[in-house]
Amino acid sequence: MEVVITAVGPDNVGLADPIIHDVTTRGANIAEIQMYDHDEAAVFAMMCRLQIPSTEWGPLKRSMKEIAEKTQLEVRVWSPDERLARPNLAICVTLLEQSPRAVLQAIRDGVIRANPVVLIGNRRKCEPLAREFGIPFEFIGNDDGVADDLEMVRIIDRYQADYVILARYMRVLPPDTCWKFAGGRIINLHHGLLPSFRGFRPYHDAFAARMLTFGATCHFIVPELDAGNQTIQQTAFTVPPGTKLEEIIARGQADNEPRCLVEGVRRVCAREVQLHFHRVIARNPFN
């Protein structure tokens, strides 16, 4: 059984020791481990991916809860095998509904095998979309659209989301949120071709560079690294010379971005790919 353990909290000496000791005494095979020590912020974070016998799943969760209480760490124990057939998705949105709508429709049509358990928004623009598809909407923004990141984490935990889908969610997640759901659990749609066109205005940047090809990138979010090497799916389209920027953006938002996100989410939910040491690899179907 594959398990991902994340631990985040105030930095101190020996925080990883009880976790590693516990999993190794259970006969776990550790496939990946990463640790992050931010001296200035006095924050410790760890992600450990391992294989354990399925009989150890319940005892492991109870043990990690006890360790969390003793160390004051936020410890999460997650397994992609727990809801293997239909993982739970938390879909995060801001203003544009085309891409989240495409994901919800793909789930309804059976293209993506998953359960959309909640729509999270820092704006209320997509709240009618949640009602249309019969899922809860959770608002985490203020009047200026500034998101309550701690509330987002609480909501993701409450709805037991396996994967967090950033469907044109136009806020940058803080590093500690990324660490809490590390290991390939956060999937982002970027409205440009990475690594060439980063930032918030990739259409504008590509247009200024006189590009005739525009695209979108679906990738895993990882803390403390620039996106680009974590690509799950990319789609592109070409335009004739002289096409106006407004036409390019409209076409990208209406068709290209939704197609890119749907295929990326489908690949992850079908477990065709996974994140391993910050690289996307094809998953062994016999694992």
Side-chain angles (χ1 to χ4, degrees), residues 1-8 19-20 23 28-36 45-54 56-57 60-61 64 75-92 103 106-107 111-117 156-157 160-167 173 175 177-190 194-195 216-235 259-287:
M1 184 177 192
E2 181 180 340
V3 175
V4 173
I5 299 174
T6 60
V8 180
I19 296 175
I20 302 303
V23 299
N29 177 30
I30 298 178
E32 178 182 359
I33 187 167
Q34 297 184 46
M35 281 184 276
Y36 168 73
M46 183 188 79
M47 190 281 291
C48 180
R49 189 191 308 276
L50 53 106
Q51 291 280 344
I52 60 167
S54 58
E56 293 290 340
W57 173 238
L60 177 66
K61 290 195 292 184
M64 289 301 112
V75 180
R76 286 173 176 78
V77 185
W78 170 73
S79 173
D81 297 337
E82 189 174 20
R83 284 173 287 272
L84 180 61
R86 300 187 73 89
N88 291 343
L89 305 185
I91 303 173
C92 302
V103 171
I107 293 171
V111 175
I112 297 174
R113 295 184 60 81
N115 295 315
V117 292
I156 294 168
D157 286 339
Q160 298 183 337
D162 295 295
Y163 299 105
V164 181
I165 314 300
L166 306 181
L173 296 185
T177 299
C178 298
W179 272 110
K180 290 170 184 177
F181 302 103
R185 296 183 64 185
I186 306 179
I187 302 163
N188 182 53
L189 172 66
H190 177 71
L194 294 174
T217 305
C218 180
H219 64 96
F220 288 113
I221 289 284
V222 295
E224 301 302 307
L225 278 182
D226 291 330
N229 291 329
Q230 298 80 38
T231 298
I232 303 166
Q233 168 72 1
Q234 284 187 315
T235 56
R259 285 192 295 110
C260 182
L261 183 60
V262 166
E263 176 58 13
V265 174
R266 187 202 65 77
R267 288 181 177 181
V268 173
C269 291
R271 300 190 71 188
E272 294 178 4
V273 297
Q274 67 180 124
L275 193 65
H276 184 68
F277 282 106
H278 291 162
R279 294 291 184 271
V280 177
I281 62 172
R283 184 178 178 275
N284 187 334
F286 299 106
N287 282 351

Would you call the rings of His219 and His190 parallel, tilted or perpendicular, where under 30° means parallel and over 60° means perpendicular?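 Judged by the thresholds at 30° and 60°, the geometry between His219 and His190 is perpendicular.
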Can you name the salt bridge (Lys or Arg N to Asp or Glu O under 4.0 Å) partners of [X], sequence neighbours left out?
X	result
Arg266	Glu263, Glu272
Arg83	Asp162
Glu56	Arg26

To the nearest 0.5 Å, what is the distance between [atom1] on [X] and [atom2] on [Y]?
X	Y	atom1	atom2	answer
Leu166	Ile221	CG	CD1	6.0 Å
Phe220	Ile186	CZ	CD1	11.0 Å
Gln274	Arg283	CD	CZ	6.0 Å
Ile156	Cys92	CD1	SG	5.5 Å
Leu261	Thr217	CG	OG1	11.5 Å
Cys269	Asn115	SG	CG	9.5 Å

Return the minimal non-hydrogen interatomic distance between [X] and [Y], and the atom names on each side.
X	Y	answer
Asn88	Gln160	ND2-O, 3.1 Å
Val262	Ile112	O-CD1, 3.7 Å
Arg113	Pro87	O-CD, 3.4 Å
Ile232	Gly264	CG2-O, 3.7 Å
Val8	Ala45	CG2-CB, 4.1 Å
Ile107	Ala114	CG2-O, 3.2 Å

For Ala216, check side chain to side chain contact (heavy atoms under 4.5 Å, CB included) against everything at least two apart and list the hits.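 Only Leu189, Thr235, Asn256, Glu257, Cys260 meet the side chain to side chain contact (heavy atoms under 4.5 Å, CB included) criterion with Ala216.
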Sequence neighbours excluded, which residues qualify as side chain to side chain contact (heavy atoms under 4.5 Å, CB included) partners of Asp157?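 Asp157 satisfies side chain to side chain contact (heavy atoms under 4.5 Å, CB included) with Arg76, Val153, Phe181 once adjacent residues are dropped.
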Any donor-acceptor N/O pair, Arg49 side chain to Leu275 backbone, under 3.5 Å: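 Yes; at least one donor-acceptor contact below 3.5 Å.
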Test side chain to side chain contact (heavy atoms under 4.5 Å, CB included) on Arg185 and Val164 and set out the steps. CA-CA 6 Å; Arg185 296 183 64 185; Val164 181; 5.7 Å; no
Derivation and outcome, side chain to side chain contact (heavy atoms under 4.5 Å, CB included), residues Leu84 and Arg271: CA-CA 9 Å; Leu84 180 61; Arg271 300 190 71 188; 3.2 Å; yes
What residues form a side chain to side chain donor-acceptor pair (under 3.5 Å) with Gln34, not counting sequence neighbours?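 Partners of Gln34 under the side chain to side chain donor-acceptor pair (under 3.5 Å) test: Glu32, His278.
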Any heavy-atom pair between the side chains of Leu50 and Ile5 that's under 4.5 Å?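 The answer is yes; the side chains approach within 4.5 Å.
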